[in-house]
Amino acid sequence: MKKLFFIISSFFICSTNRNSAQLNPNNTQCSLPVYVSKNDTFDIEADMEYGIGDDDLFSANNFKLYRFDSGVLHDASDMLDDYNLTTAAKFKHKKSDTLFAIFSFPNIISSEKDTLAIIKSITIFNGNRKSMQKWKVSRKIRQLEFFHRGNILGCAELQNTFKYQNVNLLHNIYVHPKQSDTIIIVIKSIYSNTINKSNTYEISEIKIEGEKKY
């Protein structure tokens with residue numbers, strides 16, 4: 001029931017967001033900063049045991065990713081949040097694909113009653129990293145928009161690279177450890193590919209991490 005409640009809530013948030021997005025349907029100005037890793041290497045063995053985070057970062061728990069297609073929510077979590085970069089989700093690109101990232105941070109609960117998680121960015125592995133050949137063949141996301149609670153956070157333009165990319169949302173999203181929240185991701189465009197002419201794209205992993213608010 002709890003899971004269903006958040007899915008339904010996300011659906012109504014999406015409806016609001018789409019109305020907001022229609023105010024600027026031709027806006028291609030993407031201003032959210034994107035950091036591309038300099039150290040990420042194409043190491044298959046390491047990719048199969050991928051994990052990010054340190055003592056001050058906490059990966060979202062109960063993290064679910066749903067794709068909205070023809071009025072139905074499809075669970076894509078098995079591929080996009082499995083800590084394995086050699087698996088990827090493949091989607092057919094439509095005018096504006098919508099992903100719902102539903103997450104919580106119960107592992108930051110401490111003796112402090114006012115402890116919150118702060119989300120500042122989202123990490124994305126673009127394309128299929130199962131092998132270099134599959135990555136070259138797969139089409140990748142180019143532009144995407146982010147929404148939170150009915151407000152647009154901004155647009156980002158990813159690079160056509162296998163290295164992980166961290167999108168700075170330029171907003172601090174505060175999440176209570178006992179509550180779930182939702183970020184909506186709208187895929188606006190994908191890169192062309194001379195090898196692959198199909199209207200599909202692939203993503204290996206999406207991660208949301210939070211810092212403690214002391």
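These figures come from a predicted structure and were not determined experimentally.
- In this structure a side-chain-to-backbone donor-acceptor pair under 3.5 Å is missing from N166 to Y35.
- With respect to D97 and K92, no salt bridge is recorded, no charged nitrogen being found less than 4.0 Å from a carboxylate O.
- Between the CG atom of D78 and the CG atom of N84 there is a distance of 11.5 Å, given to the nearest 0.5 Å.
- Between the CZ atom of R149 and the OG1 atom of T182 there is a distance of 9.0 Å, given to the nearest 0.5 Å.
- K136 NZ: 12 or fewer foreign heavy atoms inside a 6.0 Å radius.
- Side chain of N128 to main chain of K134: no donor-acceptor pair is present (N/O by atom type, distance under 3.5 Å, no hydrogens or angles).
- One finds the CG atom of L144 at 10.0 Å from the CD atom of E157 (value rounded to the nearest 0.5 Å).
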Take L153 and I173, measure what side chain to side chain contact (heavy atoms under 4.5 Å, CB included) needs, and give me the verdict at the end.
-> CA-CA 10 Å; L153 301 177; I173 298 175; 4.0 Å; yes
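- Pairing each heavy atom of G127 with each of S204, the nearest pair is O-OG, 2.6 Å.
- The side-chain heavy atoms of I119 and D181, taken from C-beta on, include no pair separated by under 4.5 Å.
- Looking at S77, its side chain does come within 3.5 Å of a backbone N or O of L65 through a donor-acceptor pair.
- Nearest heavy-atom pair, K120 versus N168, reported as atom, atom and distance to 0.1 Å: O-OD1, 3.6 Å.
- Looking at R67, its side chain never comes within 3.5 Å of a backbone N or O of A76 through a donor-acceptor pair.
- With a 4.5 Å cut-off on side-chain heavy atoms, I152 and E145 count as touching.
- In terms of hydrophobic clustering, with Ile, Leu, Val, Met, Phe, Trp and Tyr side chains grouped at heavy-atom distances under 4.5 Å, M79 and I187 are assigned to different clusters.
- Between R142 and Y201, the closest side-chain pair of non-hydrogen atoms is not below 4.5 Å.
- Of the possible polar contacts, one joining the R139 side chain to the Y191 backbone as a donor-acceptor pair under 3.5 Å is found.
- Put simply, the side chain of Q165 does not reach to within 4.5 Å of the side chain of V167, judged on heavy atoms.
- The shortest distance between side-chain heavy atoms of I185 and I124 does not fall below 4.5 Å.
- One distance of note links CG of L73 with CD1 of I102; it measures 7.5 Å at 0.5 Å rounding.
- With rounding to the nearest 0.5 angstrom, the OG atom of S180 is 12.0 Å from the NZ atom of K64.
- The nearest pair of heavy atoms linking S37 to N39 is OG-N, 3.2 Å.
- Nearest heavy-atom pair across Q143 and C155 is CB-SG, 4.4 Å.
- Distance CD/E202 to CG/N126: 10.5 Å, rounded to 0.5 Å.
- In this structure, the side chains of T200 and I190 stay at 4.5 Å or more apart for every pair of heavy atoms.
- Residues L116 and H176 have side chains in contact (heavy-atom distance under 4.5 Å, counting atoms from C-beta outward).
- The shortest side-chain heavy-atom distance between L85 and Y164 does not fall under the 4.5 Å cut-off.
- The shortest non-hydrogen separation linking N196 to V137 is CB-O, 3.0 Å.
- Closest approach of L158 to I141, counting heavy atoms only: CB-O, 3.8 Å.
- Using cut-offs of 30° and 60° for the angle between ring planes, the F100 and F68 rings count as perpendicular.
- At least one donor-acceptor pair under 3.5 Å links the side chain of K140 to the backbone N or O of W135.
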